[in-house]
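Structure first, then comments.
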Number of protein chains: 2
Amino acid sequence: MAGQIRRRNRARILAAAEQVFAEMGLEGATTQAIADLAGMPKSNILYYFGTKEQIYVALLQEVVRFWHESFSGFGPEDDPALALETYVIEKVRMSFSRPAASRLFAREMLSGGHRLRNYLEGELRQWVDERSQVIREWVAQGRMAPVDPHQLLFTIWAATQTYADFAPQVAAVRGGPPDPAAQEALARSLVDFILRACIPPAQPATPPR
Amino acid sequence: MAGQIRRRNRARILAAAEQVFAEMGLEGATTQAIADLAGMPKSNILYYFGTKEQIYVALLQEVVRFWHESFSGFGPEDDPALALETYVIEKVRMSFSRPAASRLFAREMLSGGHRLRNYLEGELRQWVDERSQVIREWVAQGRMAPVDPHQLLFTIWAATQTYADFAPQVAAVRGGPPDPAAQEALARSLVDFILRACIPPAQPATPPR
DNA sequence: GTCTATATTTTGATAGAC
DNA sequence: GTCTATCAAAATATAGAC
């Protein structure tokens, strides 16, 4: 079966295209640049995908599918502090380990997000609705400060993805890109920040009488 | 003096270009689209600016200059809570009132930020260094929780600008773009969030004895 | 399936009339 | 200063040999 070759080549093209699209955008990227990075002639790229835009769309969908699988979420039975900590740490790590994915998504948002409309209004919205319900329960139970669920999620997404999307700004301000130790320190600092904002200070035990 | 006409036309071109570049990017935008939006023939655009990229660079510099003037910053004599509140509220409002400026900046960051290198490593870095010093003083005085200044600023920038840069995501999750009242509510919620994370709870007055 | 050569389109930029 | 007509370059996409 030569389906092997087909899948291998598709994967190589997608990997190359992710880098090029993330840095140059859909219009700025040339199929030639993708071909060069993938190490194959330009025609092969179009043989596998038809048009440049089809590669772009395939990549976007791969990114959101990957995110959706990686961050299954949290439920009302979880401990709020632990759930938030896990989610934030993993999102920061993803920004440092796969920045191109985050940048690709950011570019699509800046362009209006039309190509992800189904995802945004379907899967993502449902995920957010469920998580918002959990957060509201936690708040009602006094296990969490009275945060607005949407604002919390927007803030977490923005604060974690900024390390991928605005990397040049981060590097300029710090005097260089953060090495792995600095990455962990930034992640830790962000987690502590969010937990202070979300988790009410432990009550001095008021014993029932 | 016909310098009037020149300035008027330059301003019209810049206003049109900001919209087009923000939505399409440098390469995605065509001079024709800018000309159409500005209501003048394509040649006039190039007569005033020479090249498409010069318009783009001029816009970027105008944006950072405008931001720099709008957010002069805060000093050690200020009240931390009030200073943060003012800064965050104004940045959120800017995201809603001039989203194209934020998106333009975001695009440049995604592309590597080379055209803003001088700004990032000069003016911005100096501004951050000064503000970081203030924050460290506040922390040392116990007027602020032990936040990492860089992480705090990155988080504020990301959380405020997300309402411009990721507007399609915000609209999809909320079921529509936020109207002015909802914008204020989101700003308020974000401010409260950041203050909970930054400002230590008022100590139960420990009178000196 | 793979690759070279080429057709077609788009678009940034310019020349030159008014 | 303004605008029309045009050039030249670049890049997407395809045709067709291998």
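A note on names: the letters A, B, ... follow the listed sequences, proteins ahead of strands, and every chain is numbered from 1. Values below: all heavy atoms of this structure, side chains included; hydrogens, waters and symmetry mates excluded.
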Using whole Å, report how far CD of B:Gln54 lies from C1' of C:dA13. 12 Å
Measure CG/A:Asn9 against P/C:dC3 and give the value in whole Å, please. 9 Å
Can you tell me how far apart CD1 (A:Ile199) and CG (A:Asp192) are? Round to the nearest 0.5 Å. 12.0 Å
Round to a whole Å and report the spacing from CZ of A:Arg8 to P of C:dG1. 14 Å
Rounding to a whole Å, what distance do you find between A:Arg10:CZ and C:dT2:P? 13 Å
Rounded to the nearest 0.5 Å, what separates atom CG in B:Leu60 from atom CZ in B:Arg107? 12.0 Å
What is the per-nucleotide protein-contact pattern of nucleotides 11-18 of chain D, from the 5' end, where B denotes a base atom under 4.0 Å from a protein heavy atom, S denotes such proximity for sugar-phosphate atoms only, and - denotes neither? SBBB----
Can you measure B:Arg12 atom CZ to D:dG1 atom P for me and round it to whole angstrom units? 14 Å
Indicate whether the side chain of A:Glu23 and that of A:Gln19 have a donor and an acceptor atom separated by less than 3.5 Å. no
Just say parallel, tilted or perpendicular for the rings of B:Trp138 and B:Phe74, cut-offs at 30° and 60°. parallel
Report the distance from atom CD1 of B:Ile45 to atom C1' of D:dT4, rounded to the nearest whole Å. 15 Å
For D:dG1 and B:Tyr48 - does any side-chain N or O of the residue sit under 4.0 Å from the phosphate oxygens OP1/OP2? no
Rounded to whole Å, please give me the gap between CD1 in B:Ile13 and C1' in D:dG1. 12 Å
State which residues pass side-chain hydrogen bond (donor to acceptor under 3.5 Å, both in side chains) with A:Trp67; sequence neighbours excluded, sorted by chain then number. none
Salt bridge (Lys or Arg N to Asp or Glu O under 4.0 Å) between B:Glu85 and B:Arg188, worked out: CA-CA 9 Å; B:Glu85 170 166 347; B:Arg188 192 67 247 166; 3.2 Å; yes
Spacing of B:Met40 atom CE relative to D:dG1 atom P, expressed in whole Å: 12 Å
